[in-house]
Asks: 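Take a look at this one; I'll ask things after.
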Amino acid sequence: MAQDNRNQLSTYQSGWPWARERFGRFEIGHEAEGGPITDELRAIWNKMPDEAERAADIVVVGGGLSGVAAAVASARRGLQVVLVEETHMVGGQATAAGVSSFDVTTFYDRMINDHGIWGEYVSRLLDLYEGELSRPLNVTHYRDDSIGPNVSGAERVLTEMLRESGVVTLRNTQVTGVIRNGATVGGVKTQAGPITAKVTIDATETGELLSLGGVPHRIGRLESDGLMTWPRAVAFAPIQDITRTLVVREYPDGVPDELVLKEPPRGYGRTSLSFARAMPKLGVPLVDPMLRLGPLGFAAYRAAPDLSRRQVHTGAEWQRVTRTCLNYMNDFPVTTAYLTSPEERQEADAMAFEKTLCVLFYMQQELGLNWSVATDEGFADGPRSFNPHIDEKYREFERHSPLIPYIRESRRVIGAGTLVGKEIWRDRNHGEAPWHKDTIAVGTYPPDLHGGRQAGDLEKETLGETLEDKPKSWREGPFSIPMHSLIPKWVDGFLVAEKNISVSRIASGAIRLHPTVTAIGEAAGVLAAIAVKTNRSSREVLPVEVQLELANGGALITQLAVASIGRDSEDFAPVTLALARERVDSQIRRPANAEPEIEVDIECARDVGGKMSAYLHSRWENFGWKRKG
């Protein structure tokens, strides 16, 4: 961490005091240095894997945040891991989809950002930006307690984590099939040849392996045995909207001619009034309280450091933002056909892209802003394909646009158990959902459904879920994600991560945040590693074994952070294990305007958790795995 920056006085810090301490302090007038893209990174992006037969202990398909976490977690435990990603970027929704800034659930900074692989990711981002790049990272959401890296910065950190962990990463590689041996999955087929593995993890953005592998799954409100072809009459159940984001920046000397939209894109007449309400001209009252007054009020919502400038700003200085991700007023509604029909997907992606261009046209032509697509985030620095349904006159905009859409809802496995809305219900904002002793990841977000929110869109018949299971008001707070939601009900050798876990549609709206899918991926990677190390199927591994190994790696397995115990403490694993399994008494301390924490008798919890740990270590030795450390 850049300690010299942390010791400087900031005149314009704001936000919650405990979160401010996470970030460096830069003096007014400070200038930044350089950007995160290196020649080495460009070479990695452009590498095409050789065609060959490959074998691994674990193959992870989908290089999003969840897939990276799964691969890193397995590899760090001594497994041979191959990660397959179809684009040139790892990071998924945080990079290839353009949504690099993090959504924030207030009051849970330490709980989320100090633990697990996600906590390491945050720390490494701060090291990169406040050290090498000499830029503040808290640039977004109108305050100074949220994190907004660039796409290229986020990608670089994830690339380094994969490389240091020894993960073999095959980029620019499409999966074409799943290797099945009866009821067991044995790997995948790819454009670069087959990969056999003891465990296969589906961490794709759409749950693609569930379809390719014939694994029973849910899609929208419907269920599939994994083999059926969807009748056209039922293939149009609503799912959550997609968004084709666009990273845009200000061009102070004028927008280059090829990046100016001279004619309104298709659909502009239907959408321009909504843009005018969200991004009003100066002097026009604002309708949406999420934004700020004036034509630039939208910008800090997904702001990022401006790599084209040396000047810096923090989130509280939203008037100075000059780069952001367009992820507002451009959601595009889709149905289950988006996930089942490649042609429907391409057409929807094209229409969603043009809707985002409508936002940019409004900015350029109605507001007179010198803003357009940023060309330095790395989207055009690797192989990419172009959508045949997007007019060639938009080619320069598409060339520098995110590689994939922001997809909020995917296929979801039918698991050994299913997480539903009732299980993540919080009676009030900043309350806690009921605790589940088999928890392997903790979420904090409300069930935020972007589309498919009507009574008929929910799984009343199959899961008993109704609109009564979705709070009418915003309610965030910790909820459990139990291990059974990662394990298919009928298929062996196969696990799910990302948004593909066994959840209802209401619960799916709460699990898709960056930190949550990262925690899910880490848990999937640990579960797979234990299964391979002990020569068992994933369903034979006990949840308490995964909880212990997660805690050994610094991941949070308790409802909240534990007072006076950090992940580097030798007491962290035994204390949090005893708490997770509800073997000791505890209480929640709720200081005013600060993060709640769990209070427990540390000595007692250490003793109880230590005995549990000793038993589990002896159990692993009986299976032939002597864990080091």
Side-chain angles (χ1 to χ4, degrees), residues 66 105 108 111-112 115-116 412-428 430-447 459 463-465 469-471 475-489 495-497 499-513 515-524 526-527 530 538-551 555-562 573 575-588 596 598 600 605 608-609 612 616:
S66 206
T105 45
Y108 303 110
M111 168 193 166
I112 295 171
H115 297 92
R412 295 159 287 129
V413 74
I414 296 178
T418 300
L419 182 68
V420 298
K422 293 181 178 65
E423 294 176 280
I424 67 169
W425 182 272
R426 286 142 286 185
D427 290 329
R428 58 181 176 79
H430 299 136
E432 295 84 31
W435 182 249
H436 196 298
K437 288 196 293 185
D438 291 347
T439 295
I440 44 76
V442 181
T444 57
Y445 204 55
E459 296 133 311
L463 294 176
E465 194 146 272
D469 297 313
K470 182 181 182 302
R475 295 182 188 174
E476 57 189 40
F479 65 86
S480 296
I481 300 174
M483 192 175 88
H484 58 227
S485 60
L486 279 60
I487 303 173
K489 188 173 183 180
L495 293 172
V496 290
K499 303 174 289 290
N500 313 327
I501 67 174
S502 186
V503 289
S504 68
R505 289 205 62 247
I506 287 178
S508 75
I511 64 159
R512 59 181 167 79
L513 249 63
T516 309
V517 296
T518 304
I520 290 169
E522 183 172 5
V526 167
L527 171 55
I530 294 174
S538 298
R539 66 185 72 252
E540 293 175 317
V541 176
L542 302 177
V544 66
E545 296 179 81
V546 177
Q547 289 171 325
L548 173 59
E549 189 59 16
L550 282 167
L556 189 71
I557 57 171
T558 54
Q559 198 167 38
L560 295 162
V562 182
V575 168
T576 54
L577 182 65
L579 284 166
R581 302 304 298 178
E582 297 184 322
R583 298 290 295 273
V584 291
D585 293 330
S586 64
Q587 61 182 5
I588 297 176
I598 295 175
V600 66
V608 172
M612 296 171 67
L616 293 172

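Side chains included, hydrogens not; waters and symmetry mates left out as well; all remaining heavy atoms used.
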Asks: Starting at CG of L486, measure out to CG of N500 and round the result to the nearest 0.5 Å.
Replies: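 Rounded to the nearest 0.5 Å, the CG-CG separation comes to 10.0 Å.
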
Asks: Tell me if a side-chain donor or acceptor on S502 pairs with a main-chain N or O of V413 at a distance below 3.5 Å.
Replies: yes

Asks: I need the W435 CH2 to L579 CG distance, nearest 0.5 Å.
Replies: 9.0 Å

Asks: Are the side chain of R539 and the backbone N or O of P488 linked by a donor-acceptor pair below 3.5 Å?
Replies: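 Yes.
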
Asks: Do the side chain of R426 and the main chain of I424 share a donor and acceptor less than 3.5 angstrom apart?
Replies: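 Yes.
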
Asks: Roughly how far, to the nearest 0.5 Å, is the CD1 atom of I557 from the OG1 atom of T439?
Replies: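 Output value for this atom pair is 9.0 Å.
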
Asks: Among D469, V503, T418, exactly one meets side-chain contact (heavy atoms from CB on, under 4.5 Å) together with L463. Which residue is that?
Replies: T418

Asks: Side chain of E545, backbone of L616: donor and acceptor closer than 3.5 Å?
Replies: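 Flag not set: sc E545 to bb L616 has no pair under 3.5 Å.
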
Asks: To the closest 0.5 Å, what do you measure between CD1 (I506) and NZ (K422)?
Replies: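 These two atoms lie 8.0 Å from each other.
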
Asks: Which heavy-atom pair separates I588 from P596 by the least distance, and what is that distance?
Replies: CG2-CB, 4.0 Å

Asks: T558 side chain to L560 main-chain N or O, any donor-acceptor pair under 3.5 Å?
Replies: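 Judged by distance alone, yes, a pair lies under 3.5 Å.
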
Asks: Are any side-chain N or O atoms of E423 and backbone N or O atoms of S480, one a donor and one an acceptor, separated by less than 3.5 Å?
Replies: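 It does not hold such a pair.
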
Asks: Would you check, one step at a time, whether the test side chain to side chain contact (heavy atoms under 4.5 Å, CB included) holds for I440 with V526?
Replies: CA-CA 10 Å; I440 44 76; V526 167; over 6 Å; no

Asks: Taking all atoms of both residues into account, what is the closest heavy-atom pair of P447 and P471, and its distance?
Replies: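 P447 and P471 have their closest heavy atoms at CG-CD, 3.8 Å.
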
Asks: Would Q547 and M612 count as a side chain to side chain contact (heavy atoms under 4.5 Å, CB included) if you check the C-alpha gap in whole Å, the side-chain angles of each, and the deciding distance to 0.1 Å?
Replies: CA-CA 11 Å; Q547 289 171 325; M612 296 171 67; over 6 Å; no

Asks: Look at the side chain of T444 and the backbone N and O of E476, then say whether any donor-acceptor pair between them is shorter than 3.5 Å.
Replies: no

Asks: Which atom pair, heavy atoms only, marks the closest approach of A551 to A573?
Replies: CB-CA, 3.8 Å

Asks: Mind listing the closest non-hydrogen atom pair of S538 and I487 along with its distance?
Replies: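 Between these two residues, the closest heavy atoms are O-CD1, 4.0 Å.
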
Asks: Nearest heavy-atom pair of A497 and I520: which atoms, and what distance?
Replies: CA-CG2, 3.9 Å

Asks: Where do R581 and D438 land on the side chain to side chain contact (heavy atoms under 4.5 Å, CB included) test, with the steps shown first?
Replies: CA-CA 7 Å; R581 302 304 298 178; D438 291 347; 2.9 Å; yes

Asks: Starting at CG of L577, measure out to CG of L548 and round the result to the nearest 0.5 Å.
Replies: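 Nearest 0.5 Å value for the CG-CG distance: 5.5 Å.
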
Asks: If I compare all heavy atoms of Y445 with all of F479, which pair ends up nearest, and what's the gap?
Replies: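 Of all heavy-atom pairs spanning Y445 and F479, the closest is O-CE2, 3.5 Å.
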
Asks: Ignoring hydrogens and geometry beyond distance, is a side-chain donor-acceptor pair present between S504 and E465 at under 3.5 Å?
Replies: yes

Asks: For the backbone of A433 and the side chain of Q559, can you confirm whether one donor and one acceptor N or O come within less than 3.5 Å of each other?
Replies: yes

Asks: Hey, could you give me the CZ/CH2 distance between R475 and W425, rounded to the nearest 0.5 Å?
Replies: 4.5 Å

